[in-house]
Amino acid sequence: KHEHSRRIINDTEVVINFCGTIDLVRWDSSGYLNIIDYKTAQPVTPAGVFAKYDNATQFRFYDWAVWKWGHEFLPLNAHNAARSNMLITYVLVGFANQKPPKWLWSKGMIFSDAAREEFDEYLHRLADNIYKWWAMPQVPKAGWLNNCCVTCDFAPLCNNSPDLADGYK
């Protein structure tokens with residue numbers, strides 16, 4: 001968990017925190033730092049499963065978090081590797097429908113510093129939008145954004161069910 005930003009809105013302090021759990025961080029034999037996320041898959045083709053994760057925000061976020069804040073939660077040499085573009089993210093998928101389960105690696109995802117900067121700017125714009133919505137008088141101060149799911153820029157990053165917000169309409 002890391003505080004992304006903090007503002008005072010209508011005499012209320014509003015803080016946006018980012019949270020996530022990286023399953024494994026390790027060094028590979030080439031000296032690259034690896035972020036590995038374990039997934040389980042239903043009985044579908046490996047190509048179909050990996051296509052689902054090719055552009056997943058979760059992995060861009062993990063890469064960005066290690067690049068930006070790794071010095072706060074990883075050994076310094078690991079953070080330095082991330083800052084030197086020596087960071088590769090993988091998905092390790094277990095196909096539980098096979099006995100024994102079959103585990104397959106995704107191709108490595110490598111993000112450039114420019115892509116990380118772009119993601120950082122995207123997150124700042126997203127935070128600005130959340131603060132704007134928070135300041136709207138009709139938005140309940142419980143953290144939900146009233147009737148905003150349809151047009152929300154945060155929707156691709158949000159794992160909450162739209163039905164959960166129904167009670168706030």
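All residue numbers refer to positions in the sequence shown, counting from 1.
Note that OG of Ser84 is 12.0 Å distant from CH2 of Trp67, once rounded to the nearest 0.5 Å. Atom CE of Met86 sits about 8.0 Å away from atom OG of Ser30, to the nearest 0.5 Å. Here the straight-line distance linking atom CG of Asn129 with atom NE2 of His124 works out to 13.5 Å at 0.5 Å rounding. In this structure, Thr89 OG1 and Tyr62 OH are separated by 10.0 Å, a value rounded to the nearest 0.5 Å. Rounded to the nearest 0.5 angstrom, Ile88 CD1 and Asn34 CG are separated by 5.5 Å.
The 12-atom threshold is exceeded at OH of Tyr53, counting heavy atoms of other residues, nucleotides or ligands nearer than 6.0 Å.
Both Trp69 and Phe59 are members of a single hydrophobic cluster when ILVMFWY side chains are connected at heavy-atom separations under 4.5 Å. Under a hydrophobic-cluster definition in which Ile, Leu, Val, Met, Phe, Trp and Tyr are linked whenever side-chain heavy atoms come within less than 4.5 Å, directly or via other members, Phe61 and Leu126 are assigned to the same cluster. No single ILVMFWY cluster, assembled from side-chain heavy atoms under 4.5 Å apart, contains both Tyr32 and Leu87. Leu92 and Ile22 are assigned to two separate hydrophobic clusters, defined by single-linkage of ILVMFWY side chains at heavy-atom distances under 4.5 Å. Residue Tyr38 is not grouped with residue Met109 when hydrophobic side chains (ILVMFWY) are merged at heavy-atom distances under 4.5 angstrom, including chains of intermediate members.
Every pair passing ring pair (Phe, Tyr, Trp, His ring centres under 6.0 Å) that includes a residue from residues 97-117 is listed here, sequence neighbours excluded: Tyr90-Trp105. Sorted by first then second residue, the salt bridge (Lys or Arg N to Asp or Glu O under 4.0 Å) pairs that include residues 15-32, not counting sequence neighbours, number zero.
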What pairs of donor and acceptor atoms, side-chain ones from residues 73-82 against any protein atom, are under 3.5 angstrom apart with sequence neighbours left out?
residue : atom : partner : partner atom : Å
His79   : ND1  : Val66   : O            : 3.2
His79   : ND1  : Gly70   : N            : 3.4
His79   : ND1  : His71   : N            : 3.2
Asn80   : ND2  : Leu76   : O            : 3.4

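Listed by chain and residue number, Asp63, Asn85, Asp113 satisfy the side-chain hydrogen bond (donor to acceptor under 3.5 Å, both in side chains) test with Arg116 (two or more places apart in sequence, or in another chain). When the side-chain hydrogen bond (donor to acceptor under 3.5 Å, both in side chains) test is applied to Lys52, no partner is found at least two apart in sequence or on another chain. Applying the side-chain contact (heavy atoms from CB on, under 4.5 Å) rule to Thr21 yields no partners; only residues at least two apart in sequence or on another chain are considered. Every residue two or more places apart in sequence or in another chain that forms a side-chain contact (heavy atoms from CB on, under 4.5 Å) with Leu104 is listed here: Pro46, Phe50, Phe95, Lys102.
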